[in-house]
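Worksheet: the structure to be examined is printed underneath.
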Amino acid sequence: VQLQAFGGGLVQSGGHLRLSCASSGGTVSNYFMGWFRQAPGKEREFVASIRWNELMTYYADSVKGRFTISRDNAKDMVFLQMNTLKPEDTAVYYCASDRLLVPGQKNVNYWGQGTQVTVSS
């Protein structure tokens, strides 16, 4: 399975961005899909995930109420709508997929290549 993330960019504080991730080379329709991020000098951290049937979502406390994850199983895609962005959201955002994706998880079977999100103050 290959994951391709896109949609990052430069935005001012308080702005919004929508990240997308497309999978290919195999279906992830029965897997969790989600997003992690890594800021300079910091470890990669969990951001959000969604179960294959969309009935369960997880969010990091730092993004709750601002970010919304969704997916389109017919297209094997996952999205991350990021609102009210803050400078501390600046990071490389990675798409991920596995049978389970939960906060605090470090090991993941499938990673995308990452897309840069920069929030200016």
Side-chain angles (χ1 to χ4, degrees):
V1 173
Q2 291 82 46
L3 302 174
Q4 177 85 30
F6 50 96
L10 173 64
V11 64
Q12 289 188 333
S13 180
H16 60 273
L17 281 175
R18 186 180 191 234
L19 304 183
S20 301
C21 174
S23 66
S24 61
T27 182
V28 291
S29 59
N30 292 328
Y31 278 46
F32 274 79
M33 294 188 77
W35 296 90
F36 289 66
R37 67 186 182 186
Q38 187 168 18
K42 295 188 176 181
E43 290 188 353
R44 190 174 300 189
E45 64 176 5
F46 173 91
V47 175
S49 66
I50 184 167
R51 194 179 177 198
W52 66 273
N53 60 2
E54 304 179 64
L55 293 181
M56 186 175 294
T57 57
Y58 293 99
Y59 292 94
D61 288 342
S62 58
V63 306
K64 281 181 182 176
R66 300 188 298 121
F67 292 10
T68 302
I69 190 169
S70 60
R71 65 187 293 170
D72 184 336
N73 285 334
K75 298 180 179 179
D76 280 343
M77 294 188 71
V78 65
F79 309 97
L80 186 68
Q81 178 67 42
M82 305 185 294
N83 297 328
T84 319
L85 282 162
K86 305 175 181 180
E88 51 263 45
D89 294 318
T90 295
V92 176
Y93 282 71
Y94 296 89
C95 179
S97 185
D98 208 331
R99 293 191 180 275
L100 182 66
L101 287 177
V102 294
Q105 185 168 340
K106 301 295 184 182
N107 295 318
V108 174
N109 265 327
Y110 303 110
W111 290 106
Q113 88 290 359
T115 183
Q116 176 71 45
V117 172
T118 303
V119 184
S120 62
S121 57

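Heavy-atom basis, side chains included; hydrogens, waters and symmetry copies ignored. In this text the structure is predicted, and so the values were computed from the model without any measurement.
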Under 3.5 Å, which donor-acceptor pairs do the side chains of residues 5-17 form with other protein atoms, sequence neighbours left out?
none

The ring-ring contact (aromatic ring centres under 6.0 Å, His included) partners of Phe36 (sequence neighbours excluded) come to Phe46, Trp111
dist Ile50:CD1 -> Ser97:OG (nearest 0.5 Å) comes out at 12.0 Å
Nearest heavy-atom contact between Gln105 and Asn107 is NE2-O, 3.0 Å
| Face-on cation placement of Arg18 at Phe79 ring, 6.0 Å and 45° thresholds | yes
- Is Gln116 close to Thr90 at the side-chain level, that is, under 4.5 Å between some pair of heavy atoms? yes
On a heavy-atom basis, the closest approach of Lys86 and Val119 is O-CB, 3.2 Å
When every non-hydrogen atom of Val78 is compared with those of Cys95, the smallest separation belongs to CG1-SG, 3.9 Å
**Message:** Tell me if a side-chain donor or acceptor on Asp98 pairs with a main-chain N or O of Tyr31 at a distance below 3.5 Å.
**Reply:** no
Do the non-hydrogen side-chain atoms of Phe67 and Val47 ever get within less than 4.5 Å of each other? yes
Residues 56-69 vs side chain to side chain donor-acceptor pair (under 3.5 Å), sequence neighbours excluded, gives Arg37-Ser62, Asp61-Lys64, Arg66-Asp89
Residues 104-121 vs salt bridge (charged side-chain N to carboxylate O under 4.0 Å, His left out), sequence neighbours excluded, gives Glu43-Lys106
With sequence neighbours left out, the residues meeting side chain to side chain contact (heavy atoms under 4.5 Å, CB included) with Arg51 are Phe32, Asn53, Met56
By side-chain hydrogen bond (donor to acceptor under 3.5 Å, both in side chains), Asp72 pairs with (sequence neighbours left out) none
Nearest heavy-atom approach of Leu3 to Cys21 is CB-SG, 3.9 Å
> Does any non-hydrogen side-chain atom of Met82 lie less than 4.5 Å from one of Tyr93?
Replying inline: yes
Closest heavy-atom pair, Gly114 versus Val92, reported as atoms and distance to 0.1 Å, is CA-CG1, 3.8 Å
* N/O donor-acceptor pair under 3.5 Å between Ser49 side chain and Met33 backbone -> no
Those residues at least two apart in sequence (or on a different chain) that pass side-chain hydrogen bond (donor to acceptor under 3.5 Å, both in side chains) with Gln2 are none
Hits for side-chain hydrogen bond (donor to acceptor under 3.5 Å, both in side chains) against Gln38, two or more places apart or cross-chain, chain-then-number order -> none
Looking only at heavy atoms, the pair that brings Leu80 and Trp35 closest together is CB-NE1, 3.5 Å
